[in-house]
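Worksheet: the structure to be examined is printed underneath.
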Number of protein chains: 4
Amino acid sequence: MIRTGIYGASGYTGQELLRLLLRHPDCEVTALTSRQYSGKPVTAVYPHFGKMTDLAFMDASPDDVASLCDVVFLAVPHGEAMDAASRFIEAGKRVIDLSADFRLHDPETYEAWYVRHRVPELLPEAVYGLPELYRERISGARLVANPGCYPTGVILGLAPLLRGGLIDPGSIIIDAKSGTSGAGREVNIASLFCEVNEGFKAYKVGTHRHTPEMEQELSLLAGIDLKVLFTPHLVPVNRGILSTMYGTPGKEIDSDLLLETYREFYKGEPFVRICERGVFPNISAVKGSNFCDIGVAVDGRTGRVLVVAAIDNLVKGAAGQAIQNMNLMMKLPEDAGLNLVPLFP
Amino acid sequence: MIRTGIYGASGYTGQELLRLLLRHPDCEVTALTSRQYSGKPVTAVYPHFGKMTDLAFMDASPDDVASLCDVVFLAVPHGEAMDAASRFIEAGKRVIDLSADFRLHDPETYEAWYVRHRVPELLPEAVYGLPELYRERISGARLVANPGCYPTGVILGLAPLLRGGLIDPGSIIIDAKSGTSGAGREVNIASLFCEVNEGFKAYKVGTHRHTPEMEQELSLLAGIDLKVLFTPHLVPVNRGILSTMYGTPGKEIDSDLLLETYREFYKGEPFVRICERGVFPNISAVKGSNFCDIGVAVDGRTGRVLVVAAIDNLVKGAAGQAIQNMNLMMKLPEDAGLNLVPLFP
Amino acid sequence: MIRTGIYGASGYTGQELLRLLLRHPDCEVTALTSRQYSGKPVTAVYPHFGKMTDLAFMDASPDDVASLCDVVFLAVPHGEAMDAASRFIEAGKRVIDLSADFRLHDPETYEAWYVRHRVPELLPEAVYGLPELYRERISGARLVANPGCYPTGVILGLAPLLRGGLIDPGSIIIDAKSGTSGAGREVNIASLFCEVNEGFKAYKVGTHRHTPEMEQELSLLAGIDLKVLFTPHLVPVNRGILSTMYGTPGKEIDSDLLLETYREFYKGEPFVRICERGVFPNISAVKGSNFCDIGVAVDGRTGRVLVVAAIDNLVKGAAGQAIQNMNLMMKLPEDAGLNLVPLFP
Amino acid sequence: MIRTGIYGASGYTGQELLRLLLRHPDCEVTALTSRQYSGKPVTAVYPHFGKMTDLAFMDASPDDVASLCDVVFLAVPHGEAMDAASRFIEAGKRVIDLSADFRLHDPETYEAWYVRHRVPELLPEAVYGLPELYRERISGARLVANPGCYPTGVILGLAPLLRGGLIDPGSIIIDAKSGTSGAGREVNIASLFCEVNEGFKAYKVGTHRHTPEMEQELSLLAGIDLKVLFTPHLVPVNRGILSTMYGTPGKEIDSDLLLETYREFYKGEPFVRICERGVFPNISAVKGSNFCDIGVAVDGRTGRVLVVAAIDNLVKGAAGQAIQNMNLMMKLPEDAGLNLVPLFP
């Protein structure tokens, strides 16, 4: 059994990692940290874990946690994760960081959008943890940067177009809609039930921190530097991100060819499902699962390409993908512990 | 007092008309029709009207209704409205049709998207009922075609750009999100609570019937024929449409100039509110009111223009706008009965 | 025009008072206080008020506010309201206190459930502001204690039974369910969207502070001291309280007689609606209005009496009732500004 | 591998059975019937099953289905299930019927609440499938009547009280609240999103068909015939039932003793979780799982006993319990395929 630790386990992502690891056939959870809830049993904070675990949160240093684990999932905020990652790597542990700290290859870009990077020397070896693109490199990595929730759906949705040169790289518009768990469990007025329920809005227009992450990966796929227009919106549901993406074709293309391209690109992928022609995904069909559902079309009236991608932001957009990465790093079956039927309704 | 009738009053739009007319200072409601609920008091179907009205639904012919009213609101489905409208016009009544039957000036376009038009001779005199664009003509009209819910927010959102030549007319992408009352009160699996709640999806991709209506009005504003890419989505809320719209500037422009253009364009308009710079609308801030809230920006990274417009689909997107039109037709103050503070939360 | 002030105007109740007062034919709002948002326009905190008011929040002392108003609504937390009320009364103003500070006649009971009372000398003149029971005394009051949200529905629901001696006063069980705006706009984890949405729970079982308030009023109605079992629950909706109440009949009774008793008791009441036999209320039918809907039955199997009452917790349960009280105090028509059609859906 | 069939598989319960059986270690699904969707792949009706199964619905007779299965789950409506059950039993199959057809031991009671029973000769051998009460008999049964969703939580919640003689059997009041999936996937206005969302109501007051089922089982537990007052309510969530139950103690009792009684009664039970003192369950903590969470207290003010029980109506209230019964019938570990961590948020 692989001994796993969750460093920063009290948020929605942390508890989702725990949900999945408790049913992973090859793992046991040996450490859960939380400063705020130190000493409290998990079930006192998250009663749904009753009868599922006796674990308690502890306020432990990375070194203490390292002694208990083979693999560590970092679910602390960006800025805080980089130091912990550095300690875990030094201690010889495999690290999957769910924060943004190792996603951007360029420390200056990181600093422009977040804070100054304190361990830039680790950036070159960090692998961007999107298995559909970087499976091989993830398998050999010590440090994996787990992708952001928005970038996961967006990159999977656009990769076949960009790698195939099917769209003008300068034409990409991403209109994304996220469930509220994406905002985490931090208290603030904007996340209160009455503020979100029966509402719908765009937020962080033109300024969301996932923008450079998308641009980095989409540029690598396209082979040239590109910029995207990214508009996130808040949906009054718990889980799910739907990204509707638009672009101008780079060559003659129709819906059938498009569909064929996507099916070919994702052939054999366990967690990507391409919708039938004329069908588009719903976040309710991926809830609780590691799937990314993708629907595509060429709009007959305008000739533009349209792609819709749906994920569960806490699973494929966070904890599930992290475990998929761990499976690759530890030479386990890629879908171990992730063979989850979505929960509907 | 103006005697008003609602022909087809049992749907969500019909009952919203009733809600507003019951508090209109210059109107009384003298006829409500419904085949399904004929003979039933309104309160048996919609208990929220208790103590507000003693009216009952009746199954009456247009001629019977005409004898009871000065103005008729048609809230029956498209295809059915045209014949009734014709009868009411013959009877000398003012008609505001909330269906699609008189929105498209070209009967062939109407036939391509709906059914064959049986009273095309009325099309030339029907006025498209968007007061912010056609106030004068509405004032003199016998027959007003009340705009669709999606087109209302979209046209108001794009009008200043197109009339000012600020965007490339061929570049428009409209990503719209509607609350579920837009689907009406007809029963079908897709509208069940469990199918909508905790879900989010695109629907009728590239095929929604509001497309030609938007294109007609946006083309008139631009002065050339244009096509739009329009993608509607379903939001798990009762009311509200948020439309996020994208375009490529036709000339050098920045966010400040854009904002100035919108403020100038809508100066004096009672029901359009332009958001401060960096602020974007939320459907929860227009709920129950006749407002259209608009936020605009030029995206610094890509240079594209972004417009977000929010309305309550049952008010500014249907019943409220219909009453605004009636006020104009009957020379009443334009905001009579519409001075509604949004209900939040 | 009556000059009204809202002391503590930034919470959900405060903004609801503003919504209603802005459309009150005989009032103007001349002062809105908030420590947190002092200096900010209302529209910066609550954008739905755009074009409706230019008012800004101010951080003003009771004396400063007193100089601007004829009537003051106190919407600050209990414990804080009593001092402010005392100052406003001294300044000769009419006061409607929406906190709990003057609801309990007995300062010792108040202290047992809240804190020590600092102005017990005002308690004897404070009138419990439930117009259906105390209309006359409210008309002559300087200080009205606006009822709690739960007690409003519960007392209205049980009054005809207790005054008529129709149930055993010791048998009352109240199972109440409240929308989330009842928790106010304070930030805490339990009020986050993801914690409330898709959940349902009982809370403060046997310990909710509205218990002694109900018991005081129900005891007065019954003519003897009684205790109730009160269980509040949290519903994932914005607005509304549904209270389901159970009791053992004190004499032979059937559903028809029960219904007759309720109709007679509330005859002429503008804001109480008694449902037809076999029909029970839904919170969605009172949303945004000052109505209390009541359904009653004698259960054929067990012989017990069942009463269901629904209100909008922010209107009849708070701001609407406060204005109803002000109307009585200022000799205005009781329904002035409250003639609101519920918003559905 | 046990070959299982779902007879009537297109409703919410049917698809939930499929979700669970697809991950059951000892089962395969060999037949799914649906008249409406005959010939369609499951994924065309429920896209969340993509990549999970290639099965299609078929319109097959019980005899045809019998030839494909060892065990059959009946998820057709009451009235329809009895004939099918009879055929499957004749064919030598084990049957778990999720309808009401075999829950009531007395055919006259069945007829009074449902329709005339056409195979009363099977009633004596049908076992009421609540494993916590009838584990032994279920193990030996050919035909198990899977309990209703409301009765499951209610009976589990009250069993320790009644068997221990701790409450007056005539004093029971059950105030239950169900998520909307309990209404099934049938189309009707009352189940539309806009009718349920932002609403809360009691329904079928005093007339719900689960009443005699509860009374049968509670009477057996109490050892005398008892009647209950049962009031179901509709909650705007997808899944979950919370039942709040009240009774008068039959003997001196306090919260500690009560808690001890419950812990003892359910010792070793894999799917019942007793909350700590002062803690009460939330439906969000059992979502997607087979747990029944129970909280208990003696109300200090009135001396009454209060029990709150929460289940997921589609799992412990239907499909999960059905599989628990199958596990017992087939001598599998009782929790095989049911070791599900609840999905939160």
Side-chain angles (χ1 to χ4, degrees), chain C residues 170-173 175 177-179 192-203 205-207 211-212 215 226-231 233-242 244 246 248 255 278-285 287 295 297-304 306 308 310 343-345, chain D residues 170-173 175 177-179 192-203 205-207 211-212 215 226-231 233-242 244 246 248 255 278-285 287 295 297-304 306 308 310 343-345:
Chain C
S171 71
I172 298 170
I173 292 173
D175 192 283
K177 302 88 175 172
S178 174
L192 292 178
F193 180 83
C194 288
E195 304 289 318
V196 174
N197 185 46
E198 295 298 289
F200 191 89
K201 64 171 182 181
Y203 68 98
V205 174
T207 63
T211 309
E215 290 180 345
L226 60 79
K227 300 234 172 284
V228 297
L229 174 42
F230 169 56
T231 314
H233 299 74
L234 185 67
V235 189
V237 300
N238 287 344
R239 288 167 179 254
I241 291 179
L242 193 97
T244 313
Y246 303 95
T248 308
S255 289
V279 177
F280 294 88
N282 190 327
I283 55 169
S284 64
K287 191 169 50 182
V298 176
D299 178 55
R301 308 179 60 67
T302 61
R304 286 213 176 73
L306 176 146
V308 184
L343 188 75
F344 176 86
Chain D
S171 71
I172 298 172
I173 292 172
D175 192 282
K177 301 91 176 173
S178 175
L192 293 178
F193 180 84
C194 289
E195 303 290 318
V196 175
N197 185 45
E198 295 298 290
F200 190 89
K201 65 171 180 180
Y203 68 100
V205 173
T207 63
T211 309
E215 289 179 346
L226 60 78
K227 300 235 173 285
V228 298
L229 174 41
F230 169 56
T231 315
H233 299 74
L234 185 66
V235 189
V237 301
N238 287 344
R239 289 166 177 253
I241 292 179
L242 193 96
T244 312
Y246 303 95
T248 309
S255 289
V279 177
F280 293 88
N282 190 325
I283 56 169
S284 64
K287 191 169 50 182
V298 176
D299 178 54
R301 307 179 60 68
T302 61
R304 287 213 176 72
L306 175 146
V308 184
L343 189 75
F344 176 87

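For clarity, every value in this text was computed on a predicted model and none was experimentally measured. The analysis underlying the following values was restricted to heavy atoms, covering all of them including side chains, and did not include hydrogens, waters or symmetry mates. Letters go in sequence order (proteins before strands), and every chain restarts at 1.
- No donor-acceptor pair closer than 3.5 Å links the side chain of C:Glu198 to the backbone N or O of D:Ser284.
- For D:Val196, no part lies near chain C; criterion is any non-hydrogen pair under 4.5 Å.
- If you measure heavy-atom distances from C:Val228 to chain D, the contacts under 4.5 Å come from the backbone alone.
- Using a 4.5 Å cut-off between heavy atoms, C:Thr207 makes no contact with chain D at all.
- Between chain C and the residues D:Ala202, D:Gly179, D:Pro236, the most heavy-atom pairs under 4.5 angstrom are made by D:Pro236.
- In this structure, the portion of D:Ile173 lying under 4.5 Å from any heavy atom of chain C is its side chain and not its backbone.
- The shortest non-hydrogen separation linking C:Pro281 to C:Gly295 is CD-N, 3.7 Å.
- Interface residue D:Phe280: only side-chain heavy atoms are found under 4.5 Å from chain C.
- Here the closest non-hydrogen pair linking C:Ile172 and D:Arg304 is O-NH1, 4.2 Å.
- Note on C:Gly199, C:Cys194, C:Pro345: by heavy-atom pairs under 4.5 Å with chain D, the leading option is C:Gly199.
- A salt bridge does not link D:Lys227 to C:Asp299: none of the charged nitrogens lies less than 4.0 Å from a carboxylate oxygen.
- Per-residue counts of heavy-atom pairs under 4.5 Å with chain C were compared for D:Thr248, D:Val308, D:Val235; the largest is that of D:Val235.
- Both the backbone and the side chain of C:Ile283 come within contact range of chain D, with heavy atoms under 4.5 Å apart.
- Contacts of D:Phe230 with chain C are absent, with no heavy-atom separation under 4.5 Å from either backbone or side chain.
- Interface residue D:Leu229: backbone and side-chain heavy atoms are both found under 4.5 Å from chain C.
- In this structure, chain C has a heavy atom under 4.5 Å from the side chain of D:Leu306, while its backbone stays farther away.
- The backbone N or O of C:Asp175 sits nowhere less than 3.5 Å from a side-chain atom of C:Thr231 that would complete a donor-acceptor pair.
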* **Step-by-step side-chain contact (heavy atoms from CB on, under 4.5 Å) determination, C:Phe200 to C:His233** => CA-CA 7 Å; C:Phe200 191 89; C:His233 299 74; 3.7 Å; yes

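- Between C:Lys177 and the choices C:Thr244, C:Leu234, C:Val237, the side chain to side chain contact (heavy atoms under 4.5 Å, CB included) rule is met once, by C:Thr244.
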